[in-house]
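A, B, ... follow the sequence lines: proteins, then strands. Residue 1 opens every chain.
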Amino acid sequence: MLDKVFDPQAAEPRLYDAWEASGAFAPRDDAAARPFCMVIPPPNVTGALHIGHALNNTLQDVLTRFARMRGDATLWLPGTDHAGIATQMVVERQLAAEGNISRRDMGREAFVERIWDWKATSGGTIVRQLRRLGASCDWSRERFTLDEGLSAAVRRVFVTLHRQGLIYRDKRLVNWDPQFQTAISDLEVEQREVDGCYWHFAYPLEDGSGEIVVATTRPETMLGDTAVAVHPSDERYTALVGKCVRLPIVGRPIPIIADDYADPEKGSGAVKITPAHDFNDFRVGQRHHLPLINILDPFARINDNAPPEYRGLDRFAARKKVVEAFEALGLLRAIEPTRHAVPHGDRSGAVLEPYLTDQWWVDAKTLAQPAIRAVEEGRTLFEPRNWEKTYFEWLRNIEPWCISRQLWWGHRIPAWYGPDGHIFVAEDEAGACAAAREHYGRDEALRQDEDVLDTWFSSALWPFSTLGWPEQTPDLHQFYPTDTLVTGFDIIFFWVARMMMMGLHFMGEVPFRRVFINALVRDAQGAKMSKSKGNVLDPLGLIDTYGADALRFTLTAMSGQARDIKLSTQRIEGYRNFSTKLWNAARFCEINGCVAVPGFDPGSATATVNRWIRGETFKAWAHVTKSLEDCAFDDAAGALYRFVWNVYCDWFLEFAKPILNGADEAAKAETRAVAAWVLETILKLLHPVMPFVTEELWDKTAARDGLLITAPWPDLPDGYVDGPADVEMNWLVGLITEVRQLRAEMSVPPSARPPLALIGADPVTLGRLARHRDLILTLGRLASAEPAAAPPAGSAPFVIGEATGALAIAEFIDLAAERARLDKEIAGHAADIDRTAKKLANADFIARAPEEVVEDNRERLAEARNAKTRLEAAKSRLEALA
RNA sequence: GGGCGGCUAGCUCAGCUGGUCAGAGCGCCUGGUUUACACCCAGGAGGUCGGGGGUUCGAACCCCUCGCCGCCCACCA
């Protein structure tokens, strides 16, 4: 006996354990099965599940469960990411809170040890939370980006790319984060609009013949200026090119050069050039062989290349001092307030500095070409398609990727330096030593590179490293390329594009056939969820309150949104109600003895209701199947919702009641079997989205062999759709709806049982009336429903097809109300007639519209006219009475 | 500056390749102890589909244009 309501709190953990214990999460061992694999976007190992994860992983689980039920050898491979900067930052903060200890105080080894401890304590959190959500990952294959196998993959990739010349060491400008004291990649730079100034400085010509004015938003960088550039065709300055200015404060003579980079339209048309502290200036410097003068230390303080009074000053203090100096020198020409974008570190929030350092780089341009081609050729498809444009845009303009980080948490760069600085890149120290021996002709002490790799370097290998590469494992052969990647658009560059590059380079094949880009979850007001705003919806709290199924269904139903999902608890509550509705439908079946009959063939059903619901079930199945194949998750959810609630519960079960309570045993048996079959089919179709409640019902509503999670997806024949049954049931639904509307509008008390007369019904309709009289009486709350030659006196009419229904409710009819009701109905038909007639009077319409459309309109016009005539007749009778 | 989304009932959103497509859920209003379900049932009100123009026999859906809102990329003279 089913409980009154489903208790997710109690049932979910039990059901999850049962799935896991059954081995259902592992791919089925069937050589003939089609392989289906997805790799999880690995969450930060120390992180907690947020609503975005909930969405992303719900969709993945839906696809996984769908594939599994369809019989594929299904693998959803889980794992976590070491998340270099993010994790290191968390632990550094902990240390600071504990007693102001810095990682440097601690030393590298102890610090890294400390992070591993932290990983050990908090690392299970998000994985446990994914289980709460119902994620059917194969936990036996769980991976971590820093585990041994993946580290081996990282080293192999690094060494290989280095040997191929696609990884190299280079001294160039990087985005330097002075807070973390590490280089970061272009992608980790966040431009923020801030208020600032243009300071206009006069640089006196060395020969004393005048000055040249330049403007800057970063005055301190002038300490590193090595030229002033003007445009070659800028006549104002033609005479000055080749001369020198004497750099104020510093006293260094620097040349005035001609370069296209200077824009005559901007400011004075002359621009100061600081090659060591500006990306554009760096390029100008290279063209003109200008010296690079680095004036900052890693903390972004002024270094010893600047005049003594500036050394050690923070850049912003130096800025102030430089401006004051110019003012004192009488060389400050103007201060112009401005709003401009300033680069900040996306993690630290610190203002970044272009900074000259030695770093490791990936030749992304070369690797990008196959990645571009693969998407152009459709070997990987983006869904929705338009994200391809974003992908192409970035890859076609890609810059070298700075992969070294001056951090401690991550994959140590497999490069060793000899005493003379010679670099030996090898997968391990022994390899490096061997190479060094060969190079030097003797053993030399080597020093490993201190840096670690960008976290995204290891993530880029995820689709094959997790499957065992570089070992040639059975998993790798069976599951690469993977099927679908589900991820957010915010990491198309960080992750998707780089997986494409690495996958194609090392596996010779795309890492996934399809990329589904899911939306971003926001709060009910549309604001981005963030801890500081306090508008974060914790998925675990929602699961506690509404159950995992309700949250999953909500996220699935809302996943169609192009950019963001505004989540509200009201919506979740609504879908929790949906799960309760399903539960109660199952209870109804149970109470009425609707138990699945093994081997029952719905195709054999004879009763009209049963033939009809069988066809409706087919339509729902076809709709859901197609939608899930196409990643149209919202569409699948909508179809399921409507079918379960508005078709199965609202109509079919109501239609079934008189039969189930009736005396016709054969009809009863058939209806019971059909009701149970439909319910069983619903459980299967709904399982990918609502796995818990469906599994529970699967278990409790019949004695079955296995778990629902591994039950086969239905495969229904289109012969299940029965056209005549559809028409008949639609007529019945229409009739009952009309009766209900009329009763409500005329305020007929629910207890009243008026008789219904049907006038002008043709033989087909009379047959329907006879077949469904029981239902009509019950659902319409009527005393009788009989054909008649004319409407009884004091009845309210309505139109149902070719016939006119007349509800004998004389005692409830209010003349004014009935007149108003009829007028409104008549007006509706009149408007319809008007519109349709106008259309049909249009020669162009007749000539150009498809015959089908024209015919539809003709029928519509005829029906509307007919209905209007009958209602008008009813109205005159009414008036005659009055 | 370049690109991409969005603008449809009070709210959140569906409306695929133009022809009952003007819809759903929530909210609101009216009525309901119909033994599966009040986490429910029946019924109802409410929108000139952001503005303007165009294409078409016909446009929420296609084109142009304008206006807001949001995001991404580039830009620290």
Side-chain angles (χ1 to χ4, degrees), chain A residues 2 4-6 186 191 194 196 198-200 213-218 221 229 261-263 265-272 278-280 336 338 340-343 351-352 354 384 386-387 389-390 393-394 397 489-490 492-493 520 522 524 526 528 546 550 557-558 560-568 570-571 573-592 630 632 634-635 638 641-642 646 649-650 653-654 657 737 740-745 747-751 778-779 781 832 836 839 842-850 852-854 856-857 860:
Chain A
L2 287 172
K4 187 116 169 111
V5 289
F6 176 58
D186 297 345
Q191 300 291 343
V194 299
Y198 284 132
W199 283 276
H200 296 251
V213 175
V214 296
T216 179
T217 55
R218 293 189 301 157
T221 61
Y261 169 63
D263 181 351
E265 304 295 316
K266 273 188 184 170
S268 65
V271 56
K272 63 191 271 309
D278 183 282
F279 289 99
N280 288 313
E336 183 189 344
T338 181
H340 61 127
V342 176
V351 174
L352 302 177
N386 49 301
W387 288 109
K389 201 164 177 173
T390 306
E393 182 61 22
W394 188 66
N397 299 298
F489 56 78
D490 50 332
I492 289 177
F493 305 149
L520 221 64
R522 298 173 180 264
K528 198 164 178 172
Y546 302 104
M558 301 186 83
Q561 257 119 90
R563 280 296 166 100
D564 35 57
I565 292 178
K566 292 173 202 159
L567 190 67
S568 75
Q570 267 192 339
R571 196 82 187 234
E573 195 178 329
Y575 291 124
R576 189 272 318 272
N577 295 351
F578 173 65
S579 128
T580 306
K581 185 75 180 174
L582 173 69
W583 183 265
N584 279 299
R587 283 184 71 216
F588 174 87
C589 286
E590 183 182 56
I591 290 164
N592 287 282
D630 297 345
D634 53 335
D635 207 34
Y641 186 96
R642 287 189 300 273
N646 304 123
C649 292
D650 284 352
L653 292 183
E654 295 303 326
K657 279 175 183 174
T737 304
R740 284 171 171 173
Q741 285 173 342
L742 208 150
R743 293 184 64 120
E745 275 179 65
S747 302
V748 178
S751 54
T778 309
L779 300 180
R781 308 176 70 75
D832 203 19
T836 316
K839 228 185 229 184
N842 183 339
D844 283 332
F845 175 71
I846 304 292
R848 301 188 193 218
E852 227 180 272
V853 175
V854 175
D856 280 354
N857 276 277
R860 184 175 176 159

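Atom NE2 of A/His340 and atom P of B/G1 are 18 Å apart (whole Å). One atom, CG of A/Asp490, and another, P of B/C73, lie 10 Å apart when rounded to the nearest Å. What separates CG of A/Asp186 from P of B/C73 is a distance of 11 Å, to the nearest Å. Atom C1' of nucleotide B/C73 and atom CH2 of A/Trp387 are separated by 12 Å, given to the nearest angstrom. Rounded to an integer number of Å, the gap from CD1 of A/Ile846 to P of B/G19 is 18 Å. Protein atom CD of A/Glu265 is 15 Å distant from nucleotide atom P of B/G1, rounded to whole Å. In this structure, the OH atom of A/Tyr641 is 17 Å from the P atom of B/C13, given to the nearest Å. Distance CG (A/Asp635) to P (B/U17): 13 Å, rounded to an integer number of Å.
Across B/G50 and B/C11, the matching P atoms stand 14 Å from one another, rounded to whole Å. Comparing B/C28 with B/G10, their C1' atoms sit 8 Å apart, to the nearest whole Å. Across the P atoms, B/G15 and B/G5 are found 15 Å apart, a figure rounded to whole Å. To the nearest whole angstrom, the two C1' atoms, one in B/A42 and one in B/U34, are 10 Å apart. Here the separation of B/A60 from B/A9, taken at their C1' atoms, is 14 Å to the nearest Å. The C1' atoms of B/A45 and B/C29 are separated by 7 Å, rounded to the nearest whole Å. Rounded to whole Å, the separation between the C1' atoms of B/A14 and B/G25 comes to 10 Å. Across the P atoms, B/U17 and B/C7 are found 14 Å apart, a figure rounded to whole Å.
Listed candidates were B/G31, B/U56, B/A36. Nearest to the side chain of A/Arg848 is B/U56. In the set B/G27, B/C75, B/U56, B/G27 carries the atom at the smallest distance from any side-chain atom of A/Gln570. Taking only side-chain atoms of A/Arg571, from C-beta outward, the nucleotide of B/U12, B/U56, B/A77 with the closest atom is B/U12.
Checked by atom type, the side-chain pair A/Glu393/A/Asn397 shows a donor-acceptor distance below 3.5 Å. A donor and an acceptor atom, one from each side chain of A/Arg587 and A/Asn584, are located under 3.5 Å apart.
A distance of 6.0 Å or more separates the ring centres of A/Tyr575 and A/Tyr546.
Using bins of under 30°, 30° to 60° and over 60° for the plane-to-plane angle, the ring pair A/Phe6/A/Trp583 lands in the tilted bin.
Partner assigned to B/G47 is none, using Watson-Crick or G-U wobble distances below 3.5 angstrom. Searching all strands for a Watson-Crick or G-U wobble partner of B/C40 with both distances below 3.5 Å returns B/G32. Within the shown strands, B/G70 is the pairing partner of B/C4 under the Watson-Crick or G-U definition, both distances less than 3.5 Å. Judged by Watson-Crick or G-U wobble contacts below 3.5 Å, the nucleotide B/A60 has no partner. Nucleotide B/A14: unpaired (no Watson-Crick or G-U wobble partner with both distances less than 3.5 Å).
Among all heavy-atom pairs drawn from A/Lys581 and A/Cys649, the shortest one is CE-CB, 3.7 Å. Annotation for A/Arg860 and A/Asp832: closest pair NH2-OD1, 2.8 Å, computed over non-hydrogen atoms.
A/Ala843 comes within 4.0 angstrom of no nucleic acid atom, judged by non-hydrogen atoms across all strands. Residue A/Lys389 is in sugar-phosphate contact alone, with no base atom involved, counting any heavy-atom pair closer than 4.0 Å across all strands shown. Here A/Pro850 lies in heavy-atom contact (under 4.0 Å) with a base. At the heavy-atom level, A/Tyr261 lies under 4.0 Å from base atoms of the strands shown. Contacts of A/Asn280 with the nucleic acid, taken as non-hydrogen atoms under 4.0 Å apart, involve only primed sugar atoms and P, OP1 or OP2. Using a 4.0 Å heavy-atom criterion, one finds that A/Val214 contacts no nucleic acid atom at all. Within the nucleic acid shown, A/Arg860 comes within 4.0 Å of at least one base atom, counting heavy atoms only. Base contact: A/Leu352 has a heavy atom under 4.0 Å from a base atom. When heavy atoms are screened at a 4.0 angstrom cut-off, A/Arg781 is found touching base atoms of the nucleic acid. Residue A/Glu393 is out of contact with every strand shown, counting any heavy-atom pair closer than 4.0 Å.
With values rounded to the nearest 0.5 angstrom, A/Trp387 atom CH2 is found 5.5 Å from A/Ile492 atom CD1. Here the OG1-NZ distance, from A/Thr778 to A/Lys657, works out to 10.0 Å after rounding to the nearest 0.5 Å.
Along RNA chain B, the nucleotide nearest A/Gln191 and the nucleotide nearest A/Ala586 are compared for position; the residue whose nucleotide lies closer to the 5' end is A/Ala586. Nearest-nucleotide positions on RNA chain B place A/Val853 closer to the 5' end than the other of A/Cys589 and A/Val853.
Side-chain atoms of A/Arg743 come within 3.5 Å of backbone atoms of A/Arg781 as a donor-acceptor pair (strictly under, hydrogens ignored). Formation of a donor-acceptor pair under 3.5 Å by the A/Glu590 side chain with backbone atoms of A/Leu2 is found in this model.
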Q: Could you run through nucleotides 37-47 of chain B and give me one letter per nucleotide, 5' to 3': B if any protein heavy atom sits under 4.0 Å from the base, S if only the sugar-phosphate is that close, - if neither?
A: B-BSSSSSS--
